[in-house]
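Owing to the predicted nature of the structure, the values given are computational and were not obtained by experimental measurement.
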Amino acid sequence: QVQLVESGGGSVQAGGSLRLSCAASGRTFSHYAVGWFRQAPGKEREFVATIRRSDSDTYYADSVKGRFTISRDDAKNTVYLRMNSLKPEDTAVYYCAARPWPGVALTPSGYADWGQGTQVTVSL
């Protein structure tokens, strides 16, 4: 079991930046990838980005490609999501999740352990 805690959310104006953190504890060695997802009110949870543990290979949703960067710091057991050039449509609760199987996944069903979420609000 892995415990995940997100932090770093907040409110910014369009064009601004935020950096989200996902701190992991417990059996972190048993997971192969960490992903970021987001969910806006009335919408389904959607994929944002993921990073593979073995080689740090990354994948991004088309909607955030070029603006968001996912990275990790193994010494701190933390995965980050740097969000630049934020848009109002980025407003959502952002969740990090850990995948306990080889490879990566771009859907929520590919992950097993989830954080509690952190709110990101982008105003016009």
Side-chain angles (χ1 to χ4, degrees):
Q1 185 179 6
V2 173
Q3 293 78 47
L4 304 173
V5 179
E6 302 97 332
S7 62
S11 298
V12 298
Q13 295 189 37
S17 299
L18 286 172
R19 189 182 73 164
L20 306 183
S21 298
C22 175
S25 61
R27 299 173 61 192
T28 59
F29 55 85
S30 67
H31 286 74
Y32 291 83
V34 173
W36 285 97
F37 293 79
R38 65 188 183 186
Q39 188 165 23
K43 296 185 178 180
E44 295 182 350
R45 190 166 298 187
E46 66 175 355
F47 169 76
V48 175
T50 188
I51 184 166
R52 188 158 59 193
R53 185 170 185 168
S54 60
D55 59 1
S56 295
D57 197 15
T58 58
Y59 300 85
Y60 298 92
D62 288 341
S63 59
V64 307
K65 196 172 299 181
R67 299 187 297 121
F68 291 11
T69 303
I70 187 170
S71 61
R72 73 170 196 245
D73 185 338
D74 290 339
K76 298 181 179 180
N77 285 321
T78 299
V79 173
Y80 302 97
L81 184 69
R82 186 176 70 246
M83 306 184 295
N84 296 326
S85 301
L86 283 163
K87 305 175 181 179
E89 50 263 45
D90 296 319
T91 295
V93 176
Y94 283 70
Y95 300 88
C96 66
R99 176 178 170 84
W101 311 288
V104 298
L106 309 184
T107 59
S109 62
Y111 298 81
D113 299 306
W114 293 79
Q116 83 290 347
T118 185
Q119 176 71 48
V120 172
T121 301
V122 184
S123 61
L124 291 169

Give the cluster check for [X] versus [Y]: same hydrophobic cluster or not, with ILVMFWY residues linked at side-chain heavy-atom distances below 4.5 Å.
| X | Y | result |
| --- | --- | --- |
| Leu106 | Tyr32 | no |
| Ile51 | Val64 | yes |
| Phe68 | Tyr95 | no |
| Leu81 | Leu86 | yes |
| Tyr94 | Val122 | yes |

Legend entry - Electrostatic pair Lys65:Asp62 at N-O distance under 4.0 angstrom: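 Salt bridge flag = yes for Asp62 with Lys65.
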Nearest-0.5 Å distance, [atom1] of residue [X] to [atom2] of residue [Y]:
| X | Y | atom1 | atom2 | value |
| --- | --- | --- | --- | --- |
| Thr118 | Leu18 | OG1 | CG | 9.0 Å |
| Asp113 | Arg99 | CG | CZ | 12.5 Å |
| Gln119 | Arg38 | CD | CZ | 12.0 Å |
| Gln39 | Glu44 | CD | CD | 8.5 Å |
| Tyr111 | His31 | OH | NE2 | 11.0 Å |

Inset, instruction - State whether the number of non-hydrogen atoms from other residues, nucleotides or ligands found under 6.0 Å of Gln13 atom CD is greater than 12. - result: no
Legend entry - Test side chain to side chain donor-acceptor pair (under 3.5 Å) applied to Arg82 and Ser71, step by step: CA-CA 8 Å; Arg82 186 176 70 246; Ser71 61; 5.6 Å; no
If you compare all heavy atoms of [X] against all heavy atoms of [Y], which two are closest, and at what distance to 0.1 Å?
| X | Y | answer |
| --- | --- | --- |
| Ile70 | Thr58 | CG2-CG2, 3.5 Å |
| Thr78 | Ser21 | CG2-CB, 4.1 Å |
| Val34 | Thr50 | O-OG1, 3.0 Å |
| Thr69 | Tyr60 | CA-OH, 3.4 Å |
| Val104 | Ala33 | CG1-CB, 4.0 Å |
| Ala24 | Leu4 | CB-CD2, 3.6 Å |

Legend entry - All pairs passing disulfide bond (SG atoms under 2.5 Å apart) where residues 17-124 contributes a residue, at least two apart: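 Residue pairs passing disulfide bond (SG atoms under 2.5 Å apart), neighbours aside: Cys22-Cys96.
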Inset, instruction - Output yes when a side-chain donor or acceptor of Arg67 lies under 3.5 Å from a complementary backbone atom of Ser85, and no otherwise. - result: yes
Legend entry - Lys NZ or Arg CZ of Arg45 over Phe37 ring: under 6.0 Å, within 45°: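 Here Arg45 fails the 6.0 Å and 45° test against Phe37.
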Inset, instruction - Quick one: do Met83 and Asp90 satisfy side chain to side chain contact (heavy atoms under 4.5 Å, CB included)? Show the steps, please. - result: CA-CA 9 Å; Met83 306 184 295; Asp90 296 319; over 6 Å; no
Legend entry - Within-4.5 Å side-chain heavy-atom neighbours: Leu20 and Glu6: no
Legend entry - pair Gln116-Val5: side-chain heavy atoms closer than 4.5 Å: yes
